[in-house]
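Have a look at the structure below before the remarks.
To find a chain, count down the sequence lines: A is the first, B the second, and so on, and within it residues start at 1.
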Amino acid sequence: MEFVNVIVDISHEKLDRIFQYRIPEELQGKISTGMQVQVPFGMGNRTIKGYVTGVTDVPDYPVEKIKPVTGLVDGAVPAESELIALAAWMKEFYGSTMNQALKTVLPVKQEVSSRQEKCIVLAIPREEAEQLLKEVLHKNFRAKARLLAGLLDHDGKLSSKEAADLKITSSVIQGMERDGVVRQISRVQYRNPFAGKFEQTGIQRTLTEEQKNAVDGIWDEYAQGIRKTYLLEGVTGSGKTEVYMELISRVIAEGKQAIVLIPEIALTFQTVRRFYERFGDRVSVMHSRLSEGERYDQFLRAKAGEIDVMIGPRSALFTPFSQIGVMIIDEEHEGAYKSETVPRYDAREVAAVRAKKHGASLILGSATPSVETSRRAREGKFGWYRLTSRIGQAILPEVSVVDLREELRDGNRSIFSRRLLSAMDDRLKKRQQTMLFLNRRGLSGFVSCRSCGKSIRCPHCDVTLSLHKDGSLRCHYCGYRIPMPKNCPSCGSPYISGFRAGTQQIEREVHRLFPQARVLRMDYDTTRTRESYEQILSAFGNGQADILVGTQMIVKGHDFPDVTLVGIVAADISLYASDYRAAERTFQLLTQAVGRAGRGSKAGEAVIQTYMPEHYSIQTAAKQDYDAFYEQEILYRELMGYPPVDEMLGIYLSGKDLEKLESCAEQLVEWIRNAHVEGLCLIGPADAALARKNDSYRKVIYMKHEKKIILLKIKKLLEQQIAGTDNWNDIFIQFDYNPLQAY
DNA sequence: AGCACGCCGACT
DNA sequence: GTCGGCGTGCTC
């Protein structure tokens with residue numbers, strides 16, 4: 001290895017790219033990715049620091065112009081270089097360019113003009129400056145004159161943004177600084193996103209027996225130097241957050257830091273306030289509503305050691321702490337922890353890697369753990385603690401499952417069953433609140449029978465087929481296709497179009513049936529603006545509406561004590577999703593929705609409407625029985641070889657030239673076959689779920705194998721093959737482990 | 001960002 | 001001509 005790729009440590013957009021340097025004799029073998037090096041830069045060859053992002057034998061810059069690395073940066077390794085090494089790992093593991101990986105791991109550097117803490121002040125008395133202004137005007141030093149006039153106009157102080165507006169360049173300022181006319185001062189003032197919003201009360205609730213047991217168990221192992229991943233399985237309202245906070249405070253007491261990941265949608269004032277009340281200013285929050293600058297400030301605050309706890313969504317995983325003691329992923333089953341952009345990383349996996357590097361414990365918390373996590377806990381690979389009782393007087397709601405096929409037989413074709421209608425009527429009379437939940441998510445073209453409830457499934461992959469514009473039903477994994485039948489293949493009924501209700505229709509129907517009811521609707525359309533999400537929730541929480549209609553976003557982490565009825569309008573919608581996780585997702589959504597009823601002192605009720613009342617994910621969700629669900633689900637995964645039993649790798653190809661795309665896909669399949677990997681299951685190539693997007697055609701190939709490392713090896717092999725072939729230039733390829741959504 | 005280069009007006 | 005401010009462009 002003769003050359004290194006370096007990102008220089010100067011924050012300027014124009015320099016935010018890779019520069020190559022030669023490794024001199026004496027440093028051979030001593031330089032690796034993630035290290036900091038000293039390099040000569042610019043015409044004056046001034047020495048600056050840079051981060052090594054890769055080592056290579058082939059330079060892509062004229063060799064005669066490449067300068068040698070001057071030395072290594074010694075001393076403590078800063079957090080950033082750990083993150084760069086992490087980016088390098090992500091690049092290898094998930095498949096991406098180094099730049100893509102770096103962009104996900106490091107925050108966007110601020111544009112120079114938009115956020116400047118630097119300012120220029122007059123270093124001489126006002127009269128002297130006025131005198132000087134006359135002098136420079138006389139000498140026709142226009143830039144200096146502009147600066148002096150500007151300073152005099154603004155009480156002797158100019159921000160560098162104002163200076164830039166006056167077209168004053170740095171060379172002018174530096175010249176005048178040398179002459180002692182002005183001084184440049186830089187004041188670092190970080191924005192604190194909730195300064196003054198909360199108060200630190202130091203409140204510490206006493207732990208229940210179960211909570212204490214979990215904390216002590218994890219802490220005992222921590223004290224013994226055992227660092228691993230734990231599953232904290234606890235029903236909604238069982239107080240997982242108290243366990244997190246206790247562990248965090250112990251870790252802080254040791255001088256270490258903590259990262260708490262929460263799905264963006266559940267990241268509310270309520271959650272943040274609890275952490276703030278306990279840890280005060282040492283907590284910070286990242287969320288998508290922060291401006292670019294505010295987010296960058298949080299990054300800097302963490303780096304400067306101003307905070308100990310960072311709460312945020314997936315991206316908070318990359319907070320530049322130097323010594324993490326504990327990492328927490330709350331609601332670990334949420335799809336939000338998988339990135340939808342390259343590198344398509346899984347935050348739970350990356351957290352485990354980062355935790356290992358820092359010697360931190362990793363806690364995965366959920367009421368309905370993902371099948372992957374659950375399996376590892378059951379196999380003993382993860383520590384496992386359960387919180388089974390709800391805190392306070394809250395009791396689990398009474399659940400009834402309504403068979404919509406019967407409603408149809410009895411002539412009720414409306415969205416609501418008689419049972420749900422009478423329950424809603426009852427709540428309106430009692431002035432209690434109702435939530436109506438529609439669990440649709442990314443569903444397109446699903447087909448199911450309204451008589452027997454069955455969907456039409458792929459004979460090879462056992463997932464629901466989806467309806468395409470050309471009238472065919474297709475499998476998103478293997479491409480299997482049949483024409484859309486006129487009648488249901490299992491019962492012959494002609495009612496086989498899907499349930500087409502949207503939240504707007506439900507809202508309209510509620511208005512029609514209960515004109516006196518005050519209704520709020522919350523879905524993607526009504527929460528576009530910045531504050532609307534919080535507004536709707538707090539309006540409902542304050543009792544300004546009787547009924548809240550919405551999609552999944554209404555069931556995540558909100559306590560409404562006056563809600564005593566939850567209606568799940570069509571529980572099976574998410575069952576018809578055309579991927580192997582449909583049943584799991586349905587169980588999770590239903591369990592969460594049911595758990596929303598009766599969070600206060602009043603008893604709650606949930607009504608689940610469905611065309612498939614016998615399906616195990618609906619049955620088990622109605623009983624809130626996770627174990628029973630898991631036992632059923634793992635059988636299906638075993639039978640079909642889906643994760644976590646086998647590992648799965650999606651390969652997504654896209655390109656504007658269809659013929660070329662097809663031949664490349666075939667070539668890829670051939671390379672995989674030629675590798676002769678034992679136990680490998682190859683599916684496809686097939687049209688992607690979205691076969692055309694932005695003028696590009698899209699194809700998918702899936703591979704399944706018991707061992708992820710084998711898939712990783714094949715991925716690497718393919719990357720090498722592609723690099724060595726020249727006709728791949730305008731075909732784009734992406735890799736995705738255990739995909740969540742169809743490409 | 002920070003440095004050098006080269007343009008252009010002012011002064012000996 | 002030469003001096004020096006000031007804008008421009010490049011940096012492996």
Taking atom NZ of A/Lys49 as the centre, does the number of heavy atoms from other residues, nucleotides or ligands within less than 6.0 Å exceed 12? no
For [X] and [N], give me the distance from atom [atom1] to atom [atom2], rounded to whole Å.
X        : N      : atom1 : atom2 : answer
A/Ile173 : B/dG2  : CD1   : C1'   : 13 Å
A/Ile168 : C/dG7  : CD1   : P     : 9 Å
A/Phe41  : B/dA1  : CZ    : C1'   : 9 Å
A/Leu147 : C/dG7  : CG    : P     : 12 Å
A/Lys49  : B/dA1  : NZ    : C1'   : 15 Å
A/Tyr21  : C/dT11 : OH    : P     : 11 Å
A/Phe19  : C/dC10 : CZ    : P     : 12 Å
A/Met43  : C/dC10 : CE    : P     : 8 Å

Geometric cation-pi criterion, A/Arg698 with A/Tyr743: 6.0 Å, 45°: yes
Once the angle between the rings of A/Phe41 and A/Phe19 is folded into 0 to 90°, is it parallel (under 30°), tilted (30 to 60°) or perpendicular (over 60°)? perpendicular
Ring-plane angle category for A/Tyr345 and A/Phe318, please: parallel below 30°, perpendicular beyond 60°, tilted otherwise. perpendicular
Whichever of A/Ala145 and A/Gln20 has its nearest DNA chain C nucleotide further upstream toward 5': A/Ala145
For A/Phe141, report the nucleic acid contact type (base, sugar-phosphate, nothing); a contact means any heavy atom under 4.0 Å. sugar-phosphate
A/Ser339 side chain vs A/Thr341 backbone, donor-acceptor pair below 3.5 Å: yes
Side-chain (A/His358) to main-chain (A/Ala360) donor-acceptor, under 3.5 angstrom: no
All N/O pairs under 3.5 Å across the protein-nucleotides 8-12 of chain B interface:
{"residue": "B/dA10", "atom": "OP1", "partner": "A/Asn140", "partner atom": "ND2", "Å": "2.3"}

Cut-off 3.5 Å, side chains only: do A/Gln298 and A/Arg301 have a donor facing an acceptor? yes
C/dG5, C/dG7, B/dG2: which one has an atom nearest the side-chain heavy atoms of A/Val172? C/dG7
